[in-house]
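From a predicted model like this one, the values you see are computed outputs, not experimental measurements.
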Amino acid sequence: MKIILKDGSSKEYAEPMPIIDIARDISEGLARVACVAELDGKVVDLRTVVDGEHELNILTFDSDEGKAAYRHTAAHVLAQAVKRMYPDAKCAIGPSIEDGFYYDFDMESLDREALDKIEKEMKKIVKEGAELERFTLPRNEAIELMKKRDEPYKVQLIEDLPEDAELSFYQQGEYIDLCAGPHLMSTKPLKAMKLISSSGAYWRGNEKNKMLTRVYGTAFTKKADLDAHLAHLEDIKKRDHNKLGREMEIFTTVDVIGQGLPLLMPNGVKIIQKLQRWIEDEEDKRGYMRTKTPLMAKSDLYKISGHWDHYKEGMFVLGDEDSDKEVFALRPMTCPFQYYVFKSGQKSYRDLPCRYGETSTLFRNEDSGEMHGLTRVRQFTISEGHLIVRPDQMVQEFKDCLALAKYCLETLGLEEDVTYHLSKWDPENPDKYIGEAKVWDETEAHIRNVLTELGIPFTEDVGEAAFYGPKVDINAKNVYGKEDTMITIQWDALLAEQFDMYYIDENGDKVRPYIIHRTSIGCYERTLAWLIEKYAGKFPTWLCPEQVRVLPISEKYADYAEKVRAQLAENGIDVTVDNRSEKIGFKIREARLKKIPYMLIVGQKEEEQNAVSLRSRYKGDEGQVPLADFIRDIVEEIRTKEIRIIEGE
């Protein structure tokens with residue numbers, strides 16, 4: 001038997017042996033920290049017996065695969081502890097996830113006290129140091145075993161697997177779980193574990209199924225790493241837009257209004273207003289023509305576009321198709337409306353490109369389990385645009401759309417937080433799409449070439465295209481690691497045919513145009529959530545709903561404070577005055593809690609010198625400055641949309 005190691009060296013053995021023994025032969029130290037192995041590119045247990053010639057890489061906790069196996073084993077320890085303490089609990093699934101693991105149980109909800117008790121039992125199980133033993137069973141015996149152990153969710157999982165699937169189990173002590181693995185050799189290596197939280201989760205993510213109790217946890221090999229991770233989670237809680245957005249009076253939700261229908265409060269509206277004015281002005285500079293189209297349309301429109309066949313479940317339909325009355329639907333997109341703006345008059349090749357932009361309110365019937373704060377809602381506003389172009393203009397216009405998106409991200413300080421994805425069709429499921437395979441292959445190749453030429457790193461995601469064309473999705477993760485699409489730019493070579501769109505070329509012939517569907521900043525609500533979490537509510541000054549607060553040290557200086565406010569307001573600065581009869585220290589603390597960029601303290605000396613005492617969240621106490629100088633500097637900061645670094649953060 002010959003084993004080729006990662007460094008290119010090799011080892012030969014006379015007989016087959018488990019990978020763990022090969023690890024020990026390489027180094028006892030390596031064997032102690034090994035979690036799993038990569039055998040000919042496949043991640044396997046250390047207990048796997050090998051024979052013949054293979055490439056082998058021993059993986060520790062430092063690798064993603066090692067972390068996954070380590071935490072997956074911790075999930076089994078969690079399940080074993082729950083079954084000991086709550087024998088009637090039914091086990092569902094318990095995978096490792098990024099930064100941790102979870103396990104779903106059919107049982108009562110769990111509070112923090114209960115989680116702490118389960119955690120103690122987990123530590124006891126680890127001390128017992130049970131070996132994890134893997135075994136397989138035929139399908140009938142596997143079902144019988146899980147029925148005997150009264151685990152209906154495991155039975156369902158087995159029954160849903162292909163007939164020829166290998167049914168493997170792992171056992172540690174009295175606990176047995178249906179699992180593909182891989183796992184650690186025993187529970188002994190599990191060191192620093194923590195149960196983070198408990199919440200509800202529908203079985204298999206379907207809201208029609210039963211709500212289960214999901215327990216989240218994490219595990220590390222060192223307590224110091226666990227402590228650092230827990231500190232990071234505390235920071236995440238402080239940045240969570242759902243919490244911070246309410247505290248800062250940016251948005252709220254009301255049960256009687258409905259899930260996924262947030263109310264933007266004055267502070268939130270002010271931020272959205274600044275974003276919207278900026279985006280519309282920027283698009284105008286780049287040759288966009290603005291449209292304003294209806295919020296609903298007859299079903300006939302969506303049948304032409306294909307949305308009725310491919311997207312009806314995601315739409316709010318008004319009316320009954322079986323009645324004699326017309327059926328309408330709230331719009332989930334603006335594209336077909338803008339197509340009819342294009343079709344309102346005959347276009348020559350000289351008229352193209354036609355770049356239509358609209359700040360569009362859209363409606364999508366999201367599942368209740370998917371909605372979250374401002375990131376996934378049922379009504380939202382988007383910087384939507386559609387470019388009707390000649391085929392020879394398509395590549396450059398697509399590049400220009402990418403350039404606009406990158407400019408927006410850079411201005412907001414978000415460029416480093418995103419990833420680019422080429423979202424492709426799934427040729428294995430052609431019924432989900434319109435158009436021929438050749439068109440899809442050609443358009444995907446065009447996008448791939450554009451991204452490569454521009455030097456933009458990207459991944460390719462099969463099955464993520466819209467039903468009518470591939471696209472570039474620019475994605476970002478929220479503070480909890482969930483990824484959402486922020487900006488989309490889509491190549492469409494098909495819908496012009498659906499809507500009989502054409503232009504007259506230089507020869508007098510009718511020619512089908514191409515279409516680019518794009519957003520410049522994406523959904524305003526989702527972008528606002530992203531900004532709240534990115535800056536922990538301390539937005540760049542130009543975006544702040546309140547940019548300056550004037551603080552008179554006593555009522556005697558109220559008139560001067562008002563004079564300062566008026567001069568700032570004349571220069572387009574969002575400013576208020578705190579005229580309350582409170583001590584100045586109290587006013588300063590409250591302004592800091594409101595995350596206001598600048599505080600201007602005014603008293604006798606400032607009034608005499610037409611100055612202000614400046615405190616900023618960037619440098620703290622900056623001393624006395626002439627009022628005119630402060631106005632000049634903040635106007636320039638707002639004009640350039642400068643992102644200032646906050647000292648000490």
Can you list the steps and then say if L330 with N365 is a side chain to side chain contact (heavy atoms under 4.5 Å, CB included)? CA-CA 10 Å; L330 297 177; N365 193 7; over 6 Å; no
Worked verdict on V550 versus V602 for side chain to side chain contact (heavy atoms under 4.5 Å, CB included): CA-CA 7 Å; V550 184; V602 296; 4.1 Å; yes
Checking salt bridge (charged side-chain N to carboxylate O under 4.0 Å, His left out) for the pair R448/E460: CA distance, chi angles, key distance, verdict? CA-CA 9 Å; R448 187 181 297 110; E460 300 193 12; 2.7 Å; yes
List the steps and the verdict of side chain to side chain contact (heavy atoms under 4.5 Å, CB included) for T381 and E525. CA-CA 7 Å; T381 305; E525 289 84 355; 3.6 Å; yes
Mind running side chain to side chain donor-acceptor pair (under 3.5 Å) on Q567 and N571 for me, showing each step along the way? CA-CA 7 Å; Q567 289 189 45; N571 284 275; over 6 Å; no
So F398 and H446, ring pair (Phe, Tyr, Trp, His ring centres under 6.0 Å) or not? Walk me through it. CA-CA 10 Å; F398 201 88; H446 282 307; 9.7 Å; no
Where do F337 and H386 land on the side chain to side chain contact (heavy atoms under 4.5 Å, CB included) test, with the steps shown first? CA-CA 10 Å; F337 298 87; H386 296 88; over 6 Å; no
Could you go through the salt bridge (charged side-chain N to carboxylate O under 4.0 Å, His left out) check for E562 and R565 one step at a time? CA-CA 5 Å; E562 175 57 27; R565 186 207 65 77; 2.9 Å; yes
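A donor-acceptor pair is defined here as one N or O able to donate and one able to accept, closer than 3.5 Å; no such pair exists between the side chain of Y524 and the backbone of F380. Here the side chain of D473 pairs no donor or acceptor atom with the backbone of N475 at under 3.5 angstrom. Looking at E358, its side chain does come within 3.5 Å of a backbone N or O of T293 through a donor-acceptor pair. Counting only distance, with no hydrogens or angles, the side chain of T291 and the backbone of V341 share no donor-acceptor pair below 3.5 Å. Side-chain atoms of R376 do not come within 3.5 Å of backbone N or O of G260 as any donor-acceptor pair. The backbone N or O of A231 sits nowhere less than 3.5 Å from a side-chain atom of D235 that would complete a donor-acceptor pair. Of the possible donor and acceptor atoms, one in the side chain of R239 sits under 3.5 Å from a partner among the backbone N and O of E533. Listed for the T519 side chain is a donor-acceptor partner under 3.5 Å among the backbone atoms of T488. Using a distance-only test at 3.5 Å, with no hydrogens or angles considered, no donor-acceptor pair links the side chain of R526 to the main chain of V377. A donor-acceptor pair under 3.5 Å is absent between the side-chain atoms of R549 and the main chain of M599, judged by distance alone.
With salt bridges taken as basic N to acidic carboxylate O contacts below 4.0 Å, none links E608 and K605. The pair E282-K641 does not count as a salt bridge, with every side-chain nitrogen at least 4.0 angstrom from each carboxylate oxygen. The existence of a salt bridge linking K237 and E234 is confirmed by a sub-4.0 Å separation between a basic side-chain nitrogen and an acidic carboxylate oxygen. Using a cutoff of 4.0 Å between basic side-chain nitrogens and carboxylate oxygens, R286 and E283 are not scored as salt-bridged. Salt-bridge annotation for K274 and D574: present, with a side-chain N of the basic residue lying under 4.0 Å from a carboxylate O of the acidic one. With respect to K285 and D281, no salt bridge is recorded, no charged nitrogen being found less than 4.0 Å from a carboxylate O. R331 has no carboxylate O lying under 4.0 Å from a charged side-chain N of E384, or vice versa, which leaves the two without a salt bridge. Salt-bridge annotation for K563 and E607: absent, with no side-chain N of the basic residue lying under 4.0 Å from a carboxylate O of the acidic one.
Within the 4.5 Å cutoff, the side chain of V418 has heavy atoms near those of the W530 side chain. Annotation: side chain of M333 is not in contact with side chain of S360 (no heavy-atom distance under 4.5 Å). Side chains of K595 and Y535 form no contact here, defined as non-hydrogen atoms less than 4.5 Å apart. Counting only heavy atoms from C-beta outward, the side chains of R290 and E280 approach each other to under 4.5 Å. Looking at heavy atoms from C-beta onward, Q338 lies out of side-chain contact with M289 at the 4.5 angstrom threshold. L528 places a side-chain heavy atom less than 4.5 Å from the side chain of L264. Here the side chains of L230 and I196 are in contact, with some heavy-atom distance below 4.5 Å. Counting heavy atoms from C-beta on, the side chains of L233 and I236 come closer than 4.5 Å.
Rounding to the nearest 0.5 Å gives a distance of 6.0 Å between CG of D461 and NE2 of H421. Taken to the nearest 0.5 Å, the CZ atom of F251 stands 6.0 Å off from the CD1 atom of I532. Distance check: S423 OG to W491 CH2 gives 15.5 Å after rounding to the nearest 0.5 Å. To the nearest 0.5 Å, atoms CG (L422) and CG (L451) are separated by 6.5 Å. Rounding to the nearest 0.5 Å gives a distance of 9.0 Å between NZ of K194 and CG of L115. Taken from CD1 in I272 to CG in L374, the straight-line distance is 8.0 Å, to the nearest 0.5 Å.
Classification of the Y339-H517 ring pair by plane angle, with boundaries at 30° and 60°, yields perpendicular. Between W278 and Y407, the two ring planes are tilted [angle within 30° to 60°]. In this pair, Y311 and H307 present their aromatic rings perpendicular. The plane angle is above 60°, beyond the 30 to 60° band. Taking the six-membered ring where the residue is Trp, H241 and H372 present perpendicular rings, their angle passing 60° and hence far from 30°.
When all heavy atoms are compared, the tightest approach of D578 to K587 is O-NZ, 3.0 Å. Shown here for T527 and I521, the closest heavy-atom pair between the two residues is OG1-O, 2.9 Å. Heavy atoms only, all atoms of each residue included: Y70 and A219 are closest at CE2-CB, 3.8 Å. For I382 against C523, the heavy-atom pair with the smallest separation is CG1-N, 4.0 Å.
Of the listed residues (N242, I250, L244), just one forms a side-chain contact (heavy atoms from CB on, under 4.5 Å) with R246, and that residue is N242. Residue E98 is tested with K67, K482, K477 for a salt bridge (charged side-chain N to carboxylate O under 4.0 Å, His left out); the sole match is K477.
Taking the ring axis of Y102 as reference, the NZ or CZ atom of R214 stays within 45° of it and closer than 6.0 Å to the ring centre. In this structure, R364 is not positioned above the aromatic face of F316 in the sense of NZ or CZ being under 6.0 Å from the six-membered ring centre and within 45° of the axis.
For R277, the CZ atom counts as loosely surrounded, since its 6.0 Å shell holds 12 or fewer non-hydrogen atoms of other residues, nucleotides or ligands. Within 6.0 Å of CD on E416 lie no more than 12 heavy atoms contributed by other residues, nucleotides or ligands. Remark: F101 CZ is packed, more than 12 non-hydrogen atoms of other residues, nucleotides or ligands lying under 6.0 Å away. More than 12 heavy atoms of other residues, nucleotides or ligands shown are found within 6.0 angstrom of CZ on R632.
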